[in-house]
Amino acid sequence: MRTITSIKNAKGKPPLTVITAYDALFASLFDKKVDMILVGDSLNMSFNAQQDTLSASMEIMLYHTKAVCSGAKDTFIICDMPFGTYTDESIALKNASLVYSQTNAHAVKIEGGVERAHIIKALTQNSIAVMGHIGLMPQFVRSEGGYKVRGKTEEDVLKLIEDAKAVEKAGAFSLVIEGVVASAAKRISQAISIPTIGIGSGVDTDGQVLVWSDMLGFFNEFQPKFVKRYLEGATLVQNALDEYIKDVQNRSFPSIEHTY
Ligand code: KIV
């Protein structure tokens, strides 16, 4: 199982693999396979059918993180801190402490660069491991007026590098780079010594993360360009369900072998 030290040492080594999970059942399927499992607040959209991640609460994240920790006992687990739960150092410390006291997660994740570095520092100085998150930040969707790919201009690339350095200096052990032009993500990764985990940011980060329901084809509302589907989960489930309905209706289920 990964530790903070082995994750940090993975910089420049074969890429780290990260997947999200929201429940014990799927977490148990991912356990001991990937390097890290992220209980992302994306669950508010893919699991809870909301328009964005903003209404995810601490209570919801703790519930799902507990479930994931029960299912994946041998994998490094990160709990996403939801919107509004780290608005200043003491609020962040209070809420992030709940992750350690009420679940077995190993770290928390916080969105934001330079403007959130003081929050990350307050947590890391109080023995809470933090994964940063810069670039396209879903918790900023309303204030930014949508989901926008970052790193398209030199000015923005320099801003992102500054963000990454601030997050590293504040003590984060790794950094998610989301929705950033590939060449910019490469430069950010080269500018810091903690591993970067990319999503929609090209191949040159130190690892990749995908939302499980996207990559396994269960989420059909929309498919971002950066998602590769490794399974057509929704189609498989619906085909199986059609079989079940047919079998029940024509009384071929339950057959003798399924009957006491
Ligand atoms: O909430 C989430 O799943 C995330 C990943 C997309 C990085 O933050």
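Just so you know, ligand 1 is whichever comes first in the structure, and atom 1 is the first atom listed for that ligand.
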Report the distance from atom CZ of Phe226 to atom CD of Gln208, rounding to the nearest 0.5 Å.
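CD of Gln208 is found 10.5 Å from CZ of Phe226.
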
If you compare all heavy atoms of Ala164 against all heavy atoms of Ile188, which two are closest, and at what distance to 0.1 Å?
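Reported closest heavy-atom pair: CB-CG2, 3.5 Å.
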
Just checking, is any N or O donor in the side chain of Thr103 or Thr65 under 3.5 Å from an acceptor N or O on the other one?
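Side-chain D/A pair, Thr103 to Thr65: absent.
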
Could you tell me if Ser193 and Glu168 have a donor-acceptor pair between their side chains, going purely by distance under 3.5 Å?
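Checked: Glu168/Ser193 side chains pair up, N/O donor to acceptor below 3.5 Å.
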
Close N/O pairs between ligand 1 and protein, under 3.5 Å:
{"residue": "ligand 1", "atom": "1 (O)", "partner": "Asp41", "partner atom": "N", "Å": "3.1"}
{"residue": "ligand 1", "atom": "1 (O)", "partner": "Asp41", "partner atom": "OD1", "Å": "3.0"}
{"residue": "ligand 1", "atom": "1 (O)", "partner": "Ser42", "partner atom": "N", "Å": "3.0"}
{"residue": "ligand 1", "atom": "1 (O)", "partner": "Ser42", "partner atom": "OG", "Å": "3.3"}
{"residue": "ligand 1", "atom": "1 (O)", "partner": "Asp80", "partner atom": "OD2", "Å": "3.1"}
{"residue": "ligand 1", "atom": "3 (O)", "partner": "Ser42", "partner atom": "OG", "Å": "2.5"}
{"residue": "ligand 1", "atom": "8 (O)", "partner": "Lys109", "partner atom": "NZ", "Å": "3.0"}

Check the angle between the aromatic planes of Phe47 and His64 and answer parallel, tilted or perpendicular using the 30° and 60° thresholds.
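Perpendicular.
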
Apply side-chain hydrogen bond (donor to acceptor under 3.5 Å, both in side chains) to the pair Asp31 and Thr75, showing each step before the final yes or no.
CA-CA 6 Å; Asp31 194 22; Thr75 304; 2.6 Å; yes

